[in-house]
Structure formats: structure tokens, C-alpha cells
Student: 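Starting off with a structure, shown below.
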Number of protein chains: 2
Amino acid sequence: MNIFSDAIRSKGLRVTPARIAVLSVLEDSEHPLDITGIISKVIKLKVDADQATIYRIIENFIDKDLVKRLQFREKKFYYEAKRYDHHHAICEKCGKIDDISNCSIDRVEREIERTKGFKVKSHSLEYFGTCKSCQTLIS
Amino acid sequence: MNIFSDAIRSKGLRVTPARIAVLSVLEDSEHPLDITGIISKVIKLKVDADQATIYRIIENFIDKDLVKRLQFREKKFYYEAKRYDHHHAICEKCGKIDDISNCSIDRVEREIERTKGFKVKSHSLEYFGTCKSCQTLIS
DNA sequence: AATTATATGCGAATAATTTGCATTAGTCAA
DNA sequence: TTGACTAATGCAAATTATTCGCATATAATT
């Protein structure tokens, strides 16, 4: 059918309108969304899925590694589609979240494995600071 | 009085038994605690603080930069005292959280500042994998 | 088209977090 | 050290977030 359906099917999940909606909302967003954002965007797609269903779908997707749960400084979670491995730069003034694809901490990981005996499978890395446009504003 | 009182006072907060208890619990723990963990440890100290108070204190401390909110893979938050800057290695089998003090990503930060124009103030970095002792167990 | 198991909707339960407000208790200055 | 002042707390209740049970609907499979 389409790329979202395929992704869902490939994880052994049934393809349903609600699942397609949730996945496409996350894939089409250029930044992570919180649960409220997901629900309202699904509604905008004119897909009416109960919020219990959306919660369930999010957990499904996390289990199946289609979606990743993130937390920045606020007391709530954000979700994003798992595309490639990347990190985030979160502007503390405007809240904009940018992707950082460059990552060269493999060397650090190897160091940890050697000194701690801890086998690193993955990592999460977020940067906090001020984005380009906020730097030009007088705070 | 003591080091915890001083830390609290230095942030312009009043020194109260509940605040001393929460801060000492976090400082004395060698790994981050969730809200339940904090509450039960405060109770063990025989300080009876209402849970609403503890929630409020945590938010105070985060505002004042005495405490940091963390999230790993689970759907809940962890809190730790802000000592020095460090990262975590979270074992996906036993859940143990280890500190990683070594951090050499300054170079990466400079790279981001140059290419993105994003001014990095701080970052968070967590490693997920398998700790030494879990590696020897048959899964 | 029938079968079967999974997914959903709905309402209700539960858990997590916050709030209002009266009371208590730190802090500071006289 | 004692007020006076303001911030912090306790308590109960409200709000918000999340989960659950179960009947029904709907994908997938034949």
C-alpha cells in the first residue's frame, strides 16, 4: 500500500487506520511530539481514534522499535519516529528542537567498554543551548 | 549547619527539614531515584513530609539547579543531585545505572556550534547496554 | 465469504500530579 | 529574643494522565 503500512506490517502488527495515522504524524513531523500533539494531529487527519487507542499504539510502536520516547527538560515525554540515529539540539529560549546527525562518540563508547566492562548497545545524547536566531535577540 | 543546608540556603531557599531530607536522600544515593524512591527514603529518615511537599521541593530544586531530571527507557522520571557533570550507563538487563564521568564530546559540541550556529550550554548523554556482571549470565 | 485473533471504542478505574487555602515555621531586623 | 513578614507545609480535593475490562468491529488468512 504505502510506506507506513509496510513499516507497520513488517513488525507483525495489523495495519489499521489509527496506526497509519499515528505513524504518519510522527514521520511527517520535523520535531518530536508530545502525546497531546500526536492526538491533535491525528484528529486533524480526520482519523478518529480514541485516545486510549493512541496510547496503546505508541506503546506498540516503541516495543517494535518504530518509535522512540524522549525527554528533554520538561516534565513530559516526547515521541519521534525512529529514522536514523541522531541527536537533538534543544533551544532553551524558543524550544526549537533541531536534529544533529553527526555523532562521533564511538571512541568514547569503546573507552567505557574497556574501563567499565559495560557493553554499549546504544546511547542518547541531547544538547541544550541557544539556537542561531535566538542568539541575535536581546534576552 | 551542614553541607545540605548551605546548598539550600545558597540558592535563596529556606532551610527546612523536608528540604534537607530530600537533598540528602538524593546526594546519598549512588544512582538516580524516581519519585517513589525519594518519598520512601525520606520516610525512612523519619522526616514526615507530605508527598505534595516533596513534589514541590523537587521542582524547587530543579529550578535552582540543585537537582536534575532524567529519563531513561521507562515511562517515568528519575532525579539526581547535580554534582559534577557526568553521564550514565544503564544496563538493559538488570537496570543498574552507573556513572560515567569521562566525557570527551567537547569537540563534537564545537562542531555543532560551527555548522549549525547553535550555542551549546550543556548536554545529556546516556548509554544503554549490558553491564559487566550481566554479560556473564546466560540470557 | 467464513474464521479467528487482534485492535478499537467506550466508560470507568487507577495513578500521578497539582492546587487552594489555612496553618506553621524560617528569616531578618530591631 | 522577639516580632513581623513571607515562604513553606499539610491536608483534602481537584485535575490530569494513563490504563483497563470487555463488548464490538475489523484486519488477515483460508
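Below, each value reflects all heavy atoms present in this structure, side chains not excepted, and no hydrogens, waters or symmetry copies. The sequence lines fix the lettering, A, B, ..., with proteins before strands; numbering per chain opens at 1. Quick caveat, the model's predicted, so the values are computed rather than measured.
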Student: With heavy atoms under 4.0 Å as the rule, sort A:Ala49 into base, sugar-phosphate or nothing.
Tutor: sugar-phosphate

Student: Please say whether more than 12 non-hydrogen atoms of neighbouring residues, nucleotides or ligands are located less than 6.0 Å from CG in B:Asp48.
Tutor: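 Not more than 12 within 6.0 Å, no.
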
Student: Rounded to the Å, how far apart are B:Asp34 CG and C:dA16 P?
Tutor: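 These atoms are roughly 10 Å apart.
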
Student: How many whole angstroms separate atom CZ of B:Phe77 from atom C1' of C:dT18?
Tutor: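 To the nearest whole Å, that distance equals 15 Å.
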
Student: Please check the phosphate of C:dG9 (OP1 and OP2 only) for any side-chain N or O of A:Thr53 closer than 4.0 Å.
Tutor: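 So the side-chain polar atoms of A:Thr53 do come within 4.0 Å of the phosphate oxygens OP1 or OP2 of C:dG9, strictly under.
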
Student: Check the distance between C:dT17's P and B:Glu59's CD and give it to me in whole angstrom.
Tutor: 10 Å

Student: Can you find an N or O donor on one side and an acceptor on the other, under 3.5 Å apart, linking the side chain of B:Arg14 with the base of D:dT6?
Tutor: yes

Student: May I have the distance from A:Leu13 (atom CG) to C:dT6 (atom P), rounded to whole angstrom?
Tutor: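 Computing the A:Leu13:CG to C:dT6:P distance gives 11 Å.
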
Student: At under 4.0 Å, does any side-chain N or O of A:Tyr55 touch on OP1 or OP2 of D:dT19?
Tutor: no

Student: Calculate the interatomic distance between B:Ile38 atom CD1 and C:dA16 atom P; express it in whole Å.
Tutor: 14 Å

Student: Give the nucleotide from the list C:dT8, D:dA28, C:dG26 with an atom nearest to the side chain of A:Arg56.
Tutor: C:dT8

Student: I need the B:Asn60 CG to B:Ile54 CD1 distance, nearest 0.5 Å.
Tutor: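 If we round to the nearest 0.5 Å, B:Asn60:CG and B:Ile54:CD1 are 12.5 Å apart.
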
Student: Would the distance check show the side chain of B:Lys41 and the main-chain N or O of B:Val25 forming a donor-acceptor pair, the cut-off being under 3.5 Å?
Tutor: no

Student: Given C:dG26, C:dC10, C:dT17, identify the nucleotide with an atom nearest to the side chain of B:Ile35.
Tutor: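 Out of C:dG26, C:dC10, C:dT17, the nucleotide with an atom closest to B:Ile35's side chain is C:dT17.
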
Student: Separation of A:Gln51 atom CD from C:dA13 atom P, in whole Å?
Tutor: 17 Å

Student: Describe the nucleic acid contact of B:Arg19 in one word from base, sugar-phosphate, nothing, applying a heavy-atom distance below 4.0 Å.
Tutor: sugar-phosphate

Student: Strictly distance-based, threshold 3.5 Å: is any side-chain N or O of A:Arg19 a donor or acceptor partner for the main-chain N or O of A:Arg14?
Tutor: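 Between the backbone of A:Arg14 and the side chain of A:Arg19 there is a qualifying donor-acceptor contact (under 3.5 Å).
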
Student: Checking contacts here: which listed nucleotide (C:dG9, D:dC11, D:dT9) is nearest the side-chain heavy atoms of A:Asp50?
Tutor: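 The answer is C:dG9.
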
Student: Nearest whole angstrom, please: distance from the P of D:dA8 to the CZ of B:Arg9.
Tutor: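 So the two atoms are 14 Å apart, to the nearest Å.
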
Student: For C:dA7, take OP1 and OP2 only and decide whether either is under 4.0 Å from a side-chain N or O of A:Thr16.
Tutor: no

Student: Base, sugar-phosphate, or nothing for B:Asp48, non-hydrogen atoms under 4.0 angstrom?
Tutor: sugar-phosphate

Student: In terms of ring plane angle, is the pair A:Phe72 and A:His88 parallel, tilted or perpendicular, where the classes change at 30° and 60°?
Tutor: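 Judged by the thresholds at 30° and 60°, the geometry between A:Phe72 and A:His88 is perpendicular.
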
Student: Using a heavy-atom cut-off of under 4.0 Å over every strand shown, decide if B:Ala18 touches base, sugar-phosphate, or nothing.
Tutor: sugar-phosphate

Student: Distance check needed: D:dA17 P versus B:Lys75 NZ, whole Å only.
Tutor: 12 Å

